Amino acid sequence: MRLANDERTVDVNIATLLIGAVLGAVVCAAIYQRPQRGVLLVALFAPLHGLLAIIPNGTALAGWKEGLILLTLICAFLSPNRHGVIRPSMPWWPAAVVWVAMGCVSAFALSGLGSLGSIKITYFYMLLPLILWRAPFTREDRDHLVSILMGVGILAAVVGLLQQVVGPEFLVGLGYSYTEEIRITGGILRSFSTFTGPFAFGLYVMLSLVVGLSVSLNEPTRLRNMIFLAATPIMIAGMGVSIVRASYIGFAAGLLWLAIYKYKSLLVLFAAAAAAIPIALLLTPTSVMKALFSSNSLEERGNGWSETVSSLWVNPLGQGVGATGSAAAKAAELAHPMINTLTIKAATTLRLIPYQPDNYYMKVAVELGPIGLWVFTLILVSAAVTGLRASRILPGQDGALSLGVSASIIAACVASLVSTYFEIFPLDLYFWLLIGTAGCALSQHHSEKTATLGPESPTEPWPSDPAVVGSRPTPVSSSPS
């Protein structure tokens with residue numbers, strides 16, 4: 001009997017491998033023909049990465065995203081459809097190259113070959129704009145990306161609310177862990193949905209709301225947009241139960257950006273929020289209020305930031321990429337396996353891991369000094385201005401998407417004051433993906449406009465130039481003789 005069961009198990013494993021191989025071959029062929037499909041697949045499945053925690057042997061698949069991105073990058077350079085494309089507009093790329101060069105040099109100086117992990121955490125998803133440079137998104141691809149961002153945002157919010165219903169013990173039964181995904185604040189579960197933690201969940205829903213609202217309000221009669229607008233209260237509630245302050249202030253900043261530059265009606269929401277927030281605060285449990293507005297938390301941040309500023313006098317060029325943040329925490333986990341049983345605060349107090357700044361700007365300052373922080377700020381400003389400029393040039397959904405991208409950058413910048421936004425997966429991935437997408441829309445619009453109206457280069461004649469007009473056939477007048 002046991003032999004028969006073993007044979008069945010072997011047969012099932014072989015069948016699973018064959019099915020996986022066939023599906024993998026189909027996916028590889030599809031990406032080879034159109035690398036954009038690989039980018040869309042990454043965007044679709046990245047927010048579901050946290051589900052690997054409850055899949056048997058799921059941790060063995062943790063590198064799927066890096067593998068898929070590298071496969072897509074290779075296909076972008078080898079695809080038969082790579083020729084004759086219009087390269088995206090990416091005016092921020094010089095600053096990005098300098099930032100990467102500074103980071104790589106500092107990382108190798110700090111840790112040698114051991115710095116590869118730090119470099120991967122900080123810069124890996126910058127490969128996405130490179131893929132889009134070789135295989136730019138079309139208008140249809142951009143529409144698919146918006147649909148993914150909207151749909152997964154709604155799904156994540158619903159799952160987050162359901163987690164409040166089932167409670168932490170049920171989640172432990174599924175396979176989640178108190179030391180990893182499950183966190184309790186003031187006796188209340190901080191929902192994490194399909195992500196690895198509440199920060200990734202709350203900030204992703206924030207991103208989905210900001211970009212989704214910009215696109216939906218531009219064309220509210222479209223069915224997809226109507227569904228998204230109807231689901232907005234659910235998404236806000238889902239973001240709320242993550243208990244992530246960064247997502248709240250980031251969402252407010254992004255919404256204000258949209259209201260100032262296009263959707264004046266959103267100012268009504270701010271007026272309604274001003275009236276509703278005092279009532280909501282009265283109804284919020286005291287334990288949650290203490291967690292949200294803890295003076296101890298603010299004092300700890302202030303002390304950490306003061307120490308960071310002081311350290312810049314000792315290391316004006318920074319300590320090197322990997323000196324703090326996620327990379328330093330991962331290195332500490334390898335050195336101290338039991339560190340997973342401690343909170344970040346406890347591990348930092350015991351000096352088992354380096355200082356973990358709850359502020360991405362402070363993190364960059366620690367690692368790369370004031371110059372590195374200035375270069376990183378240039379990237380953010382250039383990307384935000386490019387998105388805003390594109391929103392004023394591009395018609396229809398592309399213009400609304402570009403405005404949403406610029407608003408999402410503003411939201412990320414504000415959220416980064418109280419979080420390490422740009423090293424939280426999948427927020428780092430989506431940042432580089434969205435600014436690359438906006439560049440695709442802008443360059444393709446300029447190409448279409450040039451093809452229709454003539455060249456826009458200052459060194460070339462405009463269609464209204466007499467020499468050009470005179471060289472064209474004169475149309476037959478349609479006026480009566």
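Keep in mind that the numbers below use all heavy atoms, side chains included, and drop hydrogens, waters and symmetry copies. Values in this document were obtained by computation on a predicted structure and should not be read as measured data.
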For [Y], is there any backbone N or O sitting under 3.5 Å from a side-chain donor or acceptor partner on [X]?
X	Y	result
Arg37	Ala30	yes
Gln36	Arg142	no
Ser214	Leu401	no
Ser115	Gly112	yes

Side-chain contact test, heavy atoms from C-beta onward, threshold under 4.5 Å: evaluate it for [X] versus [Y] and give yes or no.
X	Y	answer
Trp374	Leu378	yes
Trp93	Met126	no
Ser391	Tyr261	no
Phe201	Thr196	no
Glu181	Gln163	no
Arg134	Leu73	no
Glu367	Ser106	no
Phe124	Ile69	yes

Requested in this report: Flag the pair Asp358 and Arg245 as a salt bridge only when some basic side-chain nitrogen lies within less than 4.0 angstrom of an acidic carboxylate oxygen.
Outcome: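 So Asp358 does not pair with Arg245 through a salt bridge.
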Query raised in the report: Taking all non-hydrogen atoms of both residues, which atom of Ala415 and which atom of Leu203 are closest, and how far apart?
Result: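 Taking Ala415 first and Leu203 second, the nearest heavy atoms are CB-CD2, 4.0 Å.
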Query raised in the report: Where is the tightest heavy-atom contact between Ser408 and Leu207, given as atom of each residue plus distance?
Result: CB-CD1, 3.5 Å
**Report entry** Inter- and intrachain pairs under side chain to side chain donor-acceptor pair (under 3.5 Å), touching residues 59-77, at least two apart
**Finding:**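 Those involving residues 59-77 are His49-Trp64, Glu66-Lys120.
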Query raised in the report: Between atom CG of Leu229 and atom CG of Leu213, what is the distance when rounded to the nearest 0.5 Å?
Result: 6.5 Å
Query raised in the report: Hey, what do you get for CZ (Phe228) to CG (Leu217), rounding to the nearest 0.5 Å?
Result: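 Interatomic distance, Phe228 CZ to Leu217 CG, rounded to 0.5 Å: 9.0 Å.
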Query raised in the report: For the residue pair Phe422 and Phe376, does the interplanar ring angle fall in the parallel (under 30°), tilted (30 to 60°) or perpendicular (over 60°) class?
Result: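 The rings of Phe422 and Phe376 stand perpendicular, inter-plane angle above 60°.
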**Report entry** Tyr421 and Phe431 aromatic centres sub-6.0 Å
**Finding:**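 No; Phe431 has its ring centre 6.0 Å or more from that of Tyr421.
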